[in-house]
Structures are given as structure tokens and as C-alpha cells.
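My questions will all concern the structure given below.
For reference, positions follow the sequence shown, starting with 1.
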Amino acid sequence: MTMRLAAAVVVMVVVAAAAMSVEAELSVDYYKKTCPGVENVVRYHVAKALKANRKEGAALVRLIFHDCFVRGCDASVLLDPTPENPHTEKTAPINIGLAAFELIDEIKAAVEERCPGVVSCADIVIYAARDASILLSNGHVHFDVLAGRLDGRVSRAADAQRDLPDSTFTISELIRNFRRKNFTIEELVILSGAHAVGVGHCSSLRARLTAPPEQILPGYRSLLAGKCAAGEDPIVPNNVRDEDPAAVAATIPSFLPKLRKFEFLDNSYYHNNLARIVTFNSDWQLLTEKKARGHVHEYADNGTLWDEDFSDALVKLSKLPLPPKAKGEIRRHCRRVNTHHY
């Protein structure tokens, strides 16, 4: 074995060992000595972004789920396609509309300037999602972030298609999908509440345009149909309370008093679900199973309980680890691995 090859083997072993040990040692204040103040840096940039456009907050909340449910919380969803790997997770059809990548880049650049090579992109994604949740909920959703993750070096669209729940899923498919990640029916319902904010593409909700009245309020179906006829694949707010007043006035005028001036992360998703005015088939499906339906009623009745349980569910989500024997690193740039080998 040549000296160069031997050195490469040693590096690979060290990186793999680091991946296992670091993932096992997530902790609050992980960067207290190596990058003090990193959470303040992230918080500043998230707050600035949300002040300019609150939709960035919803994008960050979505990002934590779409990252962590695939290969664990390893920032693999941030990797851009390359000639060697043209189909990364962000190219997967199920990841249509993922956003906030530029904001993550901005945060990473600021953190690198402060502490070069110390803070992982994976931890930045979790910090940013936590701060976005706090701001979108006016402080009602909050939790301490456990940090110490490594960034993954593998990103495949096929993994995202396999692991992420689709908007067309039935309740049985949703339950099986979440169970594979060790999430309960209750946690499925809790995390679905994130649809109180954000937007969806019409291609993800086509089935709702022909759903019967017992599954969707006819006026809301008409609203969606009108929006989706306006282009090739328009976007619509996940929450009818964030809809255009003119569209609501034309289709469900009785809902006008419930419209909001800005996006707010709260339990309104559950009220909307019970009223049959939710966007995706997977949303409505929660009402078709006894336990799930019971939790929809529970969180519609108790917004404070949902705030607390959503916070806990995000913590559990943030603990999903890299696959066994996966190699990790601290990326210098969140869009690419430090070497272009997959």
C-alpha cells in the first residue's frame, strides 16, 4: 500500500468514525467553545429574511422535514446536481417547490466567516427551522436545538422519492411511511399541522379538484380550480386563511372574516381540515382513520397543546441520524461536498 493510499484510508476511517460518534453526541451548546454566538448569527439572518418575506419561514420549516426524513438530518437536500451526480435530492419531483437555499447559503457564509470549518450545514438547517418556527408562531413554538451533526456526502433523488410522504397518499400509506421513521399516528397529525403555512403546487393537489363534497367544500374546490387553471403549475397557499380576498369572496364569502394579514404558524390547519378546506389529499385523509381524526379534533380544540407537541416533534425529527456507516464532513459550502466523489 502506498503512503498516499494509506493516508486516504486513514482519513476515510476517521471521517466514518466521526460520523458515528458525533451523531451519538448531539448536545445543546455544542458550539459553545468552538463557535460561540453561532445561534445568534443564524437568528439574525432568519429574522431579517422573514421581515422581508415571511414565506421564507415556511420554506425553512419545510426544509427540515425534507432533509431529515431522507438519510437523516445531514443537509443532503441542499446539494446541487453535478456531472457526477445529476440527480440529487433537490431534483426529485416530490421536492418540487423547496426553497430558502439562498438564505441557507447566506447564513453559512456568515458562519464560515466567524468560525471556518466548524459548523455543519445540517445544524444550520435545524437552527434556521427552529428560529423560523419561533418567529412564525410569535414565540409559541420553541425548543433548544441539539447540535453536532455532520453533513452527508450522498444525495439521491430516488431516496427522496422513496422516503418522503406524497400528497396523494392514503391514510394507510401515510401511517406506514411515518412508522418507518419511528413516528406515531399522533406525530403524523402533529407534523401535518405545518401546512398552516407555506404554499403548494397545483400538480400536487390535482385530485382535490375532482373530489366529492364529503371530502372538500365545493366552494374551496372551485377556488382551487380557478387558481390551478391560471397557468401550467401555479402555486396556492396551503392555508385558505392566507388566500387572496377576491378569490375567497367569489367562492366562499363566508370565510372572509377568517382571512389573515400574514402567515402564522398555529393550529388553524386542524380547523380547516374539519371544515374540509385543506389543500392536499393527504391532509383530508387524516379524517378517515379513528386515531388520526381524534388528534385532529384534539389540536383544533387546544392550540397551546399543538404548539408544545409540534416543538417536541421537531426535536424528534432533528434527531434522525445518518444511515449506519455513512461518512460525514463539515462542508465548506452547503451546495457541494468538499470533494466531488459520491
- Query: Is a side-chain N or O of Gln215 found less than 3.5 angstrom from the main chain of Pro212, in a donor-acceptor match?
  - Reply: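 No, the answer is negative, given that no donor and acceptor are paired below the 3.5 Å cut-off.
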
dist Arg206:CZ -> Leu224:CG (nearest 0.5 Å) comes out at 10.5 Å

Subject >> Short N-O contact, Lys316 and Glu187, less than 4.0 angstrom >> reply: yes

Original post:
Would you say the side chains of Asn281 and Arg208 form a donor-acceptor pair under 3.5 Å?
Top reply: no

Between atom OG1 of Thr279 and atom CG of Asn273, what is the distance when rounded to the nearest 0.5 Å?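 One finds 10.0 Å between OG1 of Thr279 and CG of Asn273.
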
When you measure from the side chain of Asp151 to the backbone N and O of Ser120, does any donor-acceptor pair fall under 3.5 Å?
no

**Prompt:** What pairs of residues pass the ring-ring contact (aromatic ring centres under 6.0 Å, His included) test when at least one of them lies in residues 308-336, not counting sequence neighbours?
**Reply:**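 Residue pairs passing ring-ring contact (aromatic ring centres under 6.0 Å, His included), neighbours aside: Trp306-Phe310.
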
Give a yes or no on whether the backbone of Ile190 and the side-chain of Asp309 come within a donor-acceptor separation of less than 3.5 Å.
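No, Asp309 side chain to Ile190 backbone: no donor-acceptor pair under 3.5 Å.
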
### Query
Is Glu214 salt-bridged to Arg276, going by a charged N under 4.0 Å from an acidic O?
no

Can you measure from CG (Leu103) to NE2 (His45) and round to the nearest 0.5 angstrom?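 If we round to the nearest 0.5 Å, Leu103:CG and His45:NE2 are 8.5 Å apart.
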
* Qualifying disulfide bond (SG atoms under 2.5 Å apart) pairs with a residue from residues 136-224, counting only residues at least two apart or across chains ->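 As it turns out, the disulfide bond (SG atoms under 2.5 Å apart) pairs with a partner in residues 136-224, which skip direct neighbours, are Cys202-Cys228.
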
Query raised in the report: Is Lys108 paired with Asp105 through a side-chain N to carboxylate O contact shorter than 4.0 Å?
Result: no

* Would you find a donor on one side and an acceptor on the other, under 3.5 Å apart, between the side chain of Asn267 and the backbone of Tyr299? ->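 Yes.
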
Note: Val141 and Ser133 closest approach over all heavy atoms is CG1-CB, 3.8 Å

Answer yes or no: is there an ion pair linking Arg156 with Asp159, defined by an N-O contact shorter than 4.0 Å? yes

*asked:* So that I can tick it off, tell me whether Glu89 and Arg71 are bridged by a salt bridge, with the cut-off set at under 4.0 angstrom between side-chain N and carboxylate O.
replied: no

Fill in: Phe69 and Phe183 aromatic ring geometry - parallel, tilted or perpendicular at 30°/60° bounds
tilted

Hey, is Lys90 close enough to Asp80 for a salt bridge, meaning N to O under 4.0 Å? yes

**Asked** Do the charged groups of Arg335 and Glu102 touch, with an N to O distance under 4.0 Å?
**Response**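 Yes, Arg335 and Glu102 are salt-bridged.
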
